[in-house]
Amino acid sequence: MASVKKNFAYQSVYQVVAIVLPLLTSPYIARVLGAEKIGIYSYTYAVAYYFLIVAQLGIKNYGNKEIAAARDDRDRLNTVFSELLIVHGFFSTLSVAAYYAYVLLFVTEDKTCALLQGFWVISGMFDVSWLYFGLEKFRMTVTRSTVVKIAMTACIFLFVKERQDLWIYITIMAFGTFLSQLVLWPFLNKYITLKRVTVKGMRRHIWPMFVLFLPTIAVSFYKYMDKIMLGLISDKVQVGFYENAERAINIPVSVIASFGTVMLPRMSNLVSRGDTEKGKQYILTSMKWVMCLSLAMAFGMAAVADNFSVVFWGKEFEACGQLIVMLCITIPFLSFADIIRMQYLIPGGKNHIYVLSVTVGAIVNVVINSLFIPRMGAEGAAVGTIFAEISVCVVQAAAVRKNLPVFLYLRNMVYFLLTGILMFAAVYKMEQSMSYGVIHLLLQILTGAVIYGVCALIYFTMTGDETLRNMTGRLKK
């Protein structure tokens with residue numbers, strides 16, 4: 001598991017940097033641009049995102065999986081990559097053309113912002129991260145992309161100075177993402193030699209990619225359609241509140257996503273070798289540690305949400321506190337489903353279960369959004385997201401219960417659930433007895449970390465956890 005731990009560390013660093021750097025700039029952006037301008041950014045990005053996922057057409061997960069399965073055979077690897085690159089390029093070109101046609105023909109408000117958001121769609125055309133992930137070369141993608149993210153953060157502080165600078169902010173965010181994809185291209189010849197491919201060879205990838213594209217579309221309905229519906233039904237200020245609350249929630253979610261990205265090529269490789277028992281052991285270990293982490297972050301963030309919102313974004317964004325508390329409910333459900341999806345369903349080719357679960361989630365989300373957004377605004381969107389994530393988790397767990405020990409996973413969670421409640425009670429009581437401020441926020445975080453950390457350490461020690469023994473053994477050496 002040593003390489004898995006290193007890859008998880010690398011990918012976690014990148015995912016956290018990708019979320020934390022915008023979060024660190026968000027106090028500045030919140031005060032410079034305000035809720036309405038942030039709402040315009042979020043709304044135009046959400047629309048561009050739909051064209052981006054068409055450009056990618058399921059390539060991230062499918063390409064990761066196919067490269068991992070072929071990496072032990074260099075000739076097969078070259079063929080698979082060449083086929084996928086051409087298929088991906090074809091659909092990406094169509095998507096970029098469609099996006100700019102949409103902007104030029106149909107967008108009347110915030111047209112400049114929409115045009116600049118096109119760099120997000122173009123970035124999908126040049127995305128080859130799936131190759132490096134499939135080869136488990138996480139260090140390369142992390143180091144180069146992190147440098148670009150840091151440069152983007154510096155540019156925000158240097159060039160975004162007033163509310164009229166929204167277009168500059170969008171350019172930095174969208175073009176920076178495009179640049180982060182380009183920096184991986186010069187290193188392709190180190191791992192890949194392009195080959196002549198046949199139409200038949202390329203065609204065999206289209207349907208499996210499309211199958212993984214369908215759940216991406218479905219997931220987008222409760223990840224990005226919220227913002228579009230908020231912008232259309234409510235107003236851009238509510239979109240701004242929801243955008244900042246979601247950024248806070250994306251920190252723990254990004255860590256969980258990192259683990260899934262790291263484990264997908266490992267599990268795909270095990271499936272290709274027929275080693276299902278080792279795969280199930282990985283899932284059991286992953287579920288225990290990831291649920292420990294996700295419940296800690298869910299209860300911890302909920303406890304400090306009100307103080308965090310005022311300290312980070314100012315009184316104008318005080319409403320974000322309640323939104324964060326509501327969205328924290330989704331973290332354990334999302335984490336549970338992510339492990340099942342990334343370590344069992346996709347590696348095992350059980351894409352129909354994945355598609356079904358996220359389709360149910362999308363339907364639930366759109367229906368609840370339609371009912372609650374007109375009356376509750378951003379809180380109505382949060383209610384829709386909560387029920388969508390619960391629906392996805394329940395459908396996936398029910399579908400795999402005969403093949404995986406789902407009830408064992410749930411039983412292992414009980415201790416961490418109780419520990420999370422204990423931590424929440426202690427930290428929330430502090431919030432009620434102290435005024436808002438940075439020192440107060442840091443004390444809350446430290447208190448929660450100590451309480452949960454000590455309780456988790458006791459649990460893993462008492463149960464003789466192998467991962468903990470390995471880590472302590474290395475520390476002793």
Side-chain angles (χ1 to χ4, degrees), residues 1-9 11-12 252-253 255-264 266-267 270 275-303 328-345 347 393-394 396-398 400-427 445-477:
M1 286 285 284
S3 62
V4 170
K5 293 172 189 172
K6 285 183 180 179
N7 288 338
F8 177 52
Q11 186 63 11
S12 294
V253 169
V255 176
I256 305 307
S258 300
F259 201 82
T261 303
V262 167
M263 290 302 297
L264 176 58
R266 178 60 56 93
M267 298 297 284
L270 287 176
D275 196 348
T276 56
E277 288 306 311
K278 190 172 184 180
K280 288 183 178 181
Q281 186 59 44
Y282 274 160
I283 296 173
L284 180 63
T285 302
S286 300
M287 192 68 77
K288 189 191 303 182
W289 281 87
V290 168
M291 295 313 299
C292 169
L293 190 61
S294 68
L295 287 166
M297 292 186 289
F299 281 105
M301 289 197 68
C328 279
I329 297 171
T330 66
I331 295 174
F333 292 100
L334 187 151
S335 304
F336 195 96
D338 189 78
I339 294 172
I340 293 175
R341 177 174 67 253
M342 298 296 281
Q343 298 189 38
Y344 183 73
L345 297 181
C393 183
V394 169
Q396 289 188 8
V400 303
R401 70 189 187 281
K402 294 181 179 179
N403 305 103
L404 296 176
V406 173
F407 290 103
L408 176 60
Y409 303 154
L410 295 174
R411 191 178 68 191
N412 289 340
M413 286 171 52
V414 173
Y415 179 87
F416 301 119
L417 178 64
L418 297 175
T419 302
I421 293 171
L422 173 65
M423 176 188 65
F424 176 86
V427 175
I445 294 171
L446 180 61
T447 301
V450 170
I451 292 173
Y452 197 94
V454 169
C455 291
L457 185 61
I458 291 171
Y459 172 84
F460 286 117
T461 303
M462 295 295 290
T463 56
D465 184 77
E466 183 180 351
T467 304
L468 180 64
R469 284 204 309 267
N470 291 338
M471 287 191 292
T472 53
R474 290 181 182 179
L475 286 173
K476 289 177 181 178
K477 288 181 181 179

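Note that the coordinates shown come from a computational prediction; the quantities given were computed from them, not determined experimentally. Hydrogens, waters and symmetry mates are skipped; everything else that's a heavy atom, side chains included, is used.
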*Asks:* Does F333 reach the side chain of V394, with side-chain heavy atoms less than 4.5 Å apart?
*Replies:* no
*Asks:* Please report the closest heavy-atom contact between A397 and F336, naming both atoms and the distance.
*Replies:* CB-CE2, 4.1 Å
*Asks:* Mind checking whether Y459 and C292 have side chains closer than 4.5 Å, heavy atoms only?
*Replies:* no
*Asks:* Please set out all donor-acceptor pairs under 3.5 angstrom arising from side-chain atoms of residues 408-422, sequence neighbours excluded.
*Replies:*
unit_1	atom_1	unit_2	atom_2	d
N412	ND2	L408	O	3.4
Y415	OH	C455	O	2.7
T419	OG1	Y415	O	2.8

*Asks:* Would you name the heavy atoms of S286 and I339 that are closest together and state the gap between them?
*Replies:* O-CD1, 3.8 Å
*Asks:* Nearest 0.5 Å please: distance from the CE atom of M297 over to the CG atom of L295.
*Replies:* 9.5 Å
*Asks:* What distance do L345 atom CG and D338 atom CG have between them, rounded to the nearest 0.5 Å?
*Replies:* 10.5 Å
*Asks:* Give the minimum heavy-atom separation between S294 and I331, together with the two atoms involved.
*Replies:* O-CG2, 3.6 Å
*Asks:* Going by side-chain contact (heavy atoms from CB on, under 4.5 Å), name the residues that satisfy it together with V450, two or more places apart in sequence or in a different chain.
*Replies:* L446, V454
*Asks:* Closest heavy-atom contact between A296 and M423?
*Replies:* O-CE, 3.3 Å
*Asks:* For a quick test of reading the model, state the closest non-hydrogen atom pair linking C328 to M301 and the distance between them.
*Replies:* SG-CB, 3.6 Å
*Asks:* I need the minimum non-hydrogen distance between I451 and A426, along with the two atoms involved.
*Replies:* CD1-CB, 3.6 Å
